[in-house]
Structure formats: C-alpha cells, structure tokens
Amino acid sequence: MTPELKEQKKNHVRVVFDGAIRLLDTGERDAAFDSLNKLLGMKAAFHLIDEDLHQFAKLAADALVQYEQAKHTTAPIAPPQDAFMLGLHALVSGDVETLSFFRRQLFDLAVKHSCSQARLLYRVLVAMVLCHHGRRIPDNVLGPLVNNSNEGRAVREAS
C-alpha cells in the first residue's frame with residue numbers, strides 16, 4: 001500500500017470518528033453507534049491488510065467508546081440492542097477483543113442495572129458464540145423460558 005493511500009485511509013477513519021463525536025454531542029446516539037460499527041468494520045478490514053491502519057482504526061473506535069462513557073458516566077454506553085448487534089458484528093468479523101467488550105457490556109447491563117432485555121440478549125450472544133465454535137449450548141445459557149420451548153429444544157439439538 002502506498003503512503004498516499006495509507007494516509008487517505010487514515011483520513012477516512014478521522015472523518016468517521018469526527019462525525020461520530022459530533023453526533024454524540026448533538027444527542028444522536030443511534031447514528032453515532034452506526035459510526036462506531038463502521039469504525040469496527042474498518043478495523044476488521046484493515047486487520048490483514050495493514051497493521052498500522054488496523055491499530056489506527058482500533059484506537060479511533062476505543063476513543064469513541066471512552067468519549068461516550070466519559071460523557072454519560074451514569075448511563076450505560078449502549079442500549080442492550082446496540083451492544084448485542086455490535087457484539088454480533090465482532091463475532092462475525094472474528095474480533096475477539098471487541099466481542100468481549102460488548103459481552104461484558106451486556107452482562108453489566110443485566111446485573112448492575114437489572115435489565116431483563118440485556119440478560120436475554122447476553123444469553124443469546126453467549127449461545128451464538130458457542131454455536132460459532134461448534135460447541136453445545138448448556139441448558140442454563142438460554143434459560144428456562146427458551147429451553148422448555150420447542151424452539152429451545154431445536155436450538156440445543158442443532159448444536
């Protein structure tokens with residue numbers, strides 16, 4: 001990759017990051033999380049192409065998350081659905097570090113904030129990780145509601 005092309009890619013990361021910061025500052029969290037998803041996609045795309053670009057996109061995504069956390073220290077960083085979707089994106093792209101971050105985010109929402117939706121999404125994300133790695137889903141992962149249903153049994157048998 002030429003130095004000019006590399007700088008052009010870095011500028012694109014900067015533009016997405018700056019746009020996400022502006023969106024957060026104006027209260028448009030959903031659009032900002034779309035930008036975070038875009039940064040995570042860029043990070044995954046750069047992984048095998050260029051280590052410097054990969055680290056640059058990772059730094060931008062991490063900085064955006066930290067900015068949001070600092071801005072809303074009393075509120076969770078992402079609604080459960082966003083944390084779940086970004087965790088799925090990380091699973092599909094093979095980004096273990098980001099997957100762990102959003103898995104912990106869902107766990108914290110479920111435990112510290114007693115969010116039942118986060119508890120369910122956390123269990124589903126864990127089940128998807130297990131399936132992705134070809135492992136059986138234990139009965140306690142999806143909980144009694146799903147495991148006692150026909151759908152739960154089908155999921156277990158498929159794994």
Side-chain angles (χ1 to χ4, degrees), residues 1 6 9-25 28-73 75-138 140-143 146 151-152 155-156 158-159:
M1 182 177 300
K6 193 173 192 175
K9 300 288 184 189
K10 281 186 176 182
N11 283 333
H12 189 225
V13 170
R14 286 183 194 108
V15 167
V16 173
F17 175 80
D18 291 342
I21 294 294
R22 279 193 303 280
L23 290 167
L24 285 173
D25 288 343
E28 298 178 57
R29 291 184 77 201
D30 289 341
F33 284 117
D34 289 342
S35 295
L36 175 60
N37 197 17
K38 189 171 191 173
L39 286 171
L40 293 172
M42 294 165 91
K43 176 184 144 192
F46 294 147
H47 178 66
L48 297 175
I49 297 171
D50 186 283
E51 183 60 25
D52 290 339
L53 287 173
H54 171 77
Q55 290 301 320
F56 190 74
K58 180 184 182 312
L59 180 65
D62 291 347
L64 183 60
V65 168
Q66 290 173 2
Y67 181 80
E68 172 64 7
Q69 284 178 329
K71 188 173 176 143
H72 301 284
T73 54
I77 180 174
Q81 303 93 331
D82 290 339
F84 176 75
M85 292 307 293
L86 291 167
L88 280 182
H89 184 277
L91 174 64
V92 169
S93 64
D95 186 348
V96 176
E97 186 177 320
T98 303
L99 173 63
S100 293
F101 173 81
F102 287 111
R103 184 190 52 78
R104 282 190 310 273
Q105 184 73 35
L106 280 170
F107 183 81
D108 287 347
L109 285 169
V111 175
K112 293 178 184 171
H113 301 282
S114 299
C115 179
S116 59
Q117 181 184 31
R119 188 175 302 110
L120 176 65
L121 290 174
Y122 172 80
R123 288 177 172 182
V124 170
L125 185 61
V126 168
M128 293 183 86
V129 169
L130 291 171
C131 282
H132 182 75
H133 293 290
R135 296 178 54 200
R136 185 182 175 282
I137 302 170
N140 66 340
V141 170
L142 292 180
V146 176
E151 294 87 357
V155 169
R156 281 197 320 276
S159 67

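Position 1 is the first residue of the sequence, and the numbers go up from there.
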Just verifying a value: how many Å separate Leu23 CG and Asp18 CG, rounded to the nearest 0.5 Å? 11.0 Å

For the student: nearest non-hydrogen atoms of Phe56 and Lys10, plus distance: CE2-O, 3.5 Å

For the atom pair CG (Leu99) and CG (Leu40), what is the distance rounded to the nearest 0.5 Å? 11.5 Å

Please lay out, stage by stage, how Ser35 and Leu39 fare under the test side-chain contact (heavy atoms from CB on, under 4.5 Å). CA-CA 6 Å; Ser35 295; Leu39 286 171; 5.7 Å; no

Exercise: identify the closest heavy-atom pair between Lys9 and Phe46: CB-CZ, 4.0 Å

Which heavy atom of Leu64 sits nearest to which heavy atom of Ala32, and what is that distance? CD2-O, 4.3 Å

What's the shortest heavy-atom distance between Met42 and Ala57, and which atoms? C-CB, 4.3 Å

Heavy-atom check, side chain of Val65 versus side chain of Leu36, under 4.5 Å: yes

Minimum side-chain heavy-atom gap Phe84-Met128 below 4.5 Å: yes

Tell me whether the count of non-hydrogen atoms from other residues, nucleotides or ligands lying under 6.0 Å of NZ in Lys38 goes above 12. no

Going by side chain to side chain contact (heavy atoms under 4.5 Å, CB included), name the residues that satisfy it together with His47, two or more places apart in sequence or in a different chain. His54

Can Val13 and Leu53 be said to form a side-chain contact (heavy atoms from CB on, under 4.5 Å), step by step? CA-CA 9 Å; Val13 170; Leu53 287 173; 5.9 Å; no

Within the structure provided, determine whether Asp82 and Asp30 are in side-chain contact (heavy-atom separation under 4.5 Å). yes

If a pair satisfies salt bridge (charged side-chain N to carboxylate O under 4.0 Å, His left out) and one of its residues is in residues 95-104, list it, with sequence neighbours excluded. Lys43-Asp95, Lys58-Glu97

Nearest 0.5 Å, what's the CG-CG distance between Leu88 and Leu121? 9.0 Å

side-chain contact (heavy atoms from CB on, under 4.5 Å) between Met85 and Phe102, intermediate numbers included: CA-CA 9 Å; Met85 292 307 293; Phe102 287 111; over 6 Å; no

Between Ala63 and Phe17, the two heavy atoms sitting closest are CB-CE1, 3.9 Å

